[in-house]
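To start, the structure under review is shown below, and the notes come after it.
The first residue in the sequence is number 1, and the count goes up from there.
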Amino acid sequence: MRTYKVGICDADTDYSTALMDYANGNKEFGISLSAFSSLKAIKDYLTVQDLDLILTDNLSACKALADGYEFQEIKVIPLIDFIDETDDSANGRQTDTGIVRYIFKYQRADIICKDIRRALTADGKNVRELKSVIAVYSPIGRCGKTRLARALAANDEVRGGLYVSMEDFGTDIGLSGNEVLYLLKSKSPELEKLIFDRITTENGINVLNLSSTYLDTHDVSFDDVEMLKGYLLKTGRFTSVVFDIGSAAIEDFRILSLFDRVYMPVLKDKVSLKKLEVFVKMLKDMGLRSIISKLISVDVPDAEVGSNEMIKTLWEIKKDGD
């Protein structure tokens with residue numbers, strides 16, 4: 001089970017410390033709490049480390065959103081001292097969706113920890129029960145990116161997966177994928193039919209090649225990819241859609257935020273690790289911290305798509321992402 005990193009900042013520092021000690025001493029909740037004296041302390045911490053969630057009684061510096069709050073691109077759950085008795089969801093939960101809107105401080109610590117976990121996983125249900133859109137991307141070359149993306153698409157045992165190629169260079173020199181991208185950019189009503197006409201089967205894997213070169217896909221915008229996602233999931237034909245994205249294929253890194261997960265193949269040598277550090281720092285500097293929380297590093301084995309070694313790797317990374 002994945003352990004989520006949670007920051008807590010409350011005017012009552014004794015309360016923060018006590019809750020931190022309880023949560024960290026009970027591993028079954030899958031959360032690691034860190035207590036902070038102020039939101040500024042959290043901001044300073046985020047320059048070198050990351051958090052999945054922030055709990056605080058001080059919303060003064062938090063950004064109000066339609067569905068809650070955030071601070072430095074991190075989701076915030078307010079801590080409250082009293083319950084509004086007129087609120088139908090007295091503990092802040094909507095029982096039909098599991099959404100946590102706030103947490104009442106003075107209730108049993110185990111209930112608080114369960115609410116924290118619920119707030120973290122409300123959008124991350126079992127991938128087998130949902131339509132999921134996944135990206136495989138890495139700033140490092142020759143790391144098994146395409147092999148992993150194809151394996152993810154092939155491993156969908158429900159309705160099947162779809163592999164979407166947005167590589168820097170495709171393998172089919174005669175591919176005329178520009179027509180798909182042209183209709184996508186022009187928002188043509190003919191796009192949906194053309195997309196499904198272009199889906200082929202390669203070694204048992206459903207494949208959609210958008211283009212043979214990054215020079216075409218590089219012009220695809222955030223809105224274009226969001227629209228493409230909608231078309232691919234609309235019919236319910238696929239349980240999962242896996243985008244294989246080349247390092248030069250996208251100009252707007254916000255596109256990565258459209259995916260439920262971003263699997264990032266890595267290499268262990270010093271130069272590759274430094275490149276990963278630079279990439280993550282770049283995302284932070286661009287204000288795209290929400291993407292970092294979706295990154296799942298993968299050491300891709302040098303193995304065939306359907307091999308036992310590859311299947312074991314897929315099982316491990318999906319388990320870590322749950």
Side-chain angles (χ1 to χ4, degrees), residues 132-154 161-188 191 194-195 198-200 202 205-233 238 240-267 272 275-276 278-288 290-292 294-298 300 305:
S132 60
V133 185
I134 300 163
V136 180
Y137 175 87
S138 180
I140 301 170
R142 308 301 298 173
C143 57
K145 178 176 64 65
T146 294
R147 191 162 61 249
L148 175 64
R150 286 180 175 269
L152 285 163
L162 173 66
Y163 168 85
V164 181
S165 175
M166 287 183 65
E167 295 184 85
D168 292 345
F169 293 98
T171 56
D172 186 352
I173 196 170
L175 176 67
S176 177
N178 295 350
E179 189 177 0
V180 173
L181 297 180
Y182 173 77
L183 295 181
L184 180 64
K185 298 292 290 183
S186 62
K187 297 179 173 56
S188 170
L191 175 62
L194 180 62
I195 286 174
R198 287 292 175 84
I199 293 175
T200 59
E202 300 177 6
I205 303 173
N206 298 306
V207 175
L208 174 63
N209 290 299
L210 293 184
S211 178
S212 59
T213 170
Y214 74 92
L215 294 174
D216 296 323
T217 58
H218 197 254
D219 291 330
V220 175
S221 69
F222 178 93
D223 292 339
D224 294 335
V225 176
E226 190 170 36
M227 180 188 301
L228 180 59
K229 270 183 53 179
Y231 279 124
L232 294 176
L233 292 176
F238 306 105
S240 57
V241 178
V242 185
F243 280 70
D244 179 6
I245 303 177
S247 57
I250 55 173
E251 182 177 21
D252 185 354
F253 278 99
R254 292 184 307 137
I255 287 173
L256 294 178
S257 69
L258 292 170
F259 300 98
D260 302 318
R261 293 183 178 92
V262 181
Y263 291 112
M264 184 171 66
V266 298
L267 298 175
S272 297
K275 288 183 178 181
L276 292 176
V278 171
F279 173 64
V280 172
K281 183 179 185 302
M282 179 197 73
L283 292 178
K284 289 181 179 179
D285 292 344
M286 294 174 68
L288 300 176
S290 60
I291 294 174
I292 300 174
K294 296 185 178 187
L295 294 177
I296 299 175
S297 297
V298 186
V300 182
V305 166

> What's the verdict on side chain to side chain contact (heavy atoms under 4.5 Å, CB included) for Leu210 and Asp216, showing C-alpha distance, side-chain angles and the deciding distance?
Replying inline: CA-CA 9 Å; Leu210 293 184; Asp216 296 323; over 6 Å; no
>> Does any part of the side chain of Cys143, heavy atoms only, come nearer than 4.5 Å to the side chain of Met264, both counted from C-beta?
In response: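 Answer no - side chains too far apart.
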>> Is the shortest side-chain heavy-atom distance between Leu208 and Leu232 below 4.5 Å?
In response: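 They are in side-chain contact.
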In Å and rounded to the nearest 0.5 Å, what is the [atom1] to [atom2] distance from [X] to [Y]?
| X | Y | atom1 | atom2 | answer |
| --- | --- | --- | --- | --- |
| Ile134 | Asp244 | CD1 | CG | 12.5 Å |
| His218 | Leu181 | NE2 | CG | 13.5 Å |
| Leu184 | Ser221 | CG | OG | 7.5 Å |
| Arg142 | Ser272 | CZ | OG | 13.0 Å |
| Leu183 | Leu228 | CG | CG | 12.0 Å |
| Leu256 | Leu295 | CG | CG | 7.5 Å |

What are the two closest heavy atoms between [X] and [Y], and how far apart are they?
| X | Y | answer |
| --- | --- | --- |
| Gly144 | Val300 | O-CG1, 3.7 Å |
| Tyr231 | Leu191 | CE1-CD2, 3.4 Å |
| Gly246 | Tyr137 | O-CE1, 3.6 Å |
| Pro265 | Lys145 | CG-CA, 3.7 Å |
| Ile291 | Phe253 | CD1-O, 3.2 Å |
| Ala153 | Val242 | N-CG2, 3.9 Å |

Checking the side chain of [X] only, and the main-chain atoms of [Y] only, is there a donor and an acceptor separated by less than 3.5 Å?
| X | Y | value |
| --- | --- | --- |
| Lys294 | Phe259 | yes |
| Lys229 | Leu258 | yes |
| Ser211 | Thr217 | no |
| Asn206 | Gly161 | yes |

> Given Lys185, which of Asp219, Asp223, Asp224 fulfils the side chain to side chain donor-acceptor pair (under 3.5 Å) condition?
Replying inline: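 Answer after filtering Asp219, Asp223, Asp224: Asp224.
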>> Between Asn209 and Arg198, does the side chain to side chain contact (heavy atoms under 4.5 Å, CB included) criterion hold? Intermediate values first, please.
In response: CA-CA 8 Å; Asn209 290 299; Arg198 287 292 175 84; over 6 Å; no
> How would you list, by chain and number, every residue that makes a salt bridge (charged side-chain N to carboxylate O under 4.0 Å, His left out) with Asp168, sequence neighbours excluded?
Replying inline: none
>> Just to verify, what does Glu202 make a salt bridge (charged side-chain N to carboxylate O under 4.0 Å, His left out) with, not counting sequence neighbours?
In response: Arg150
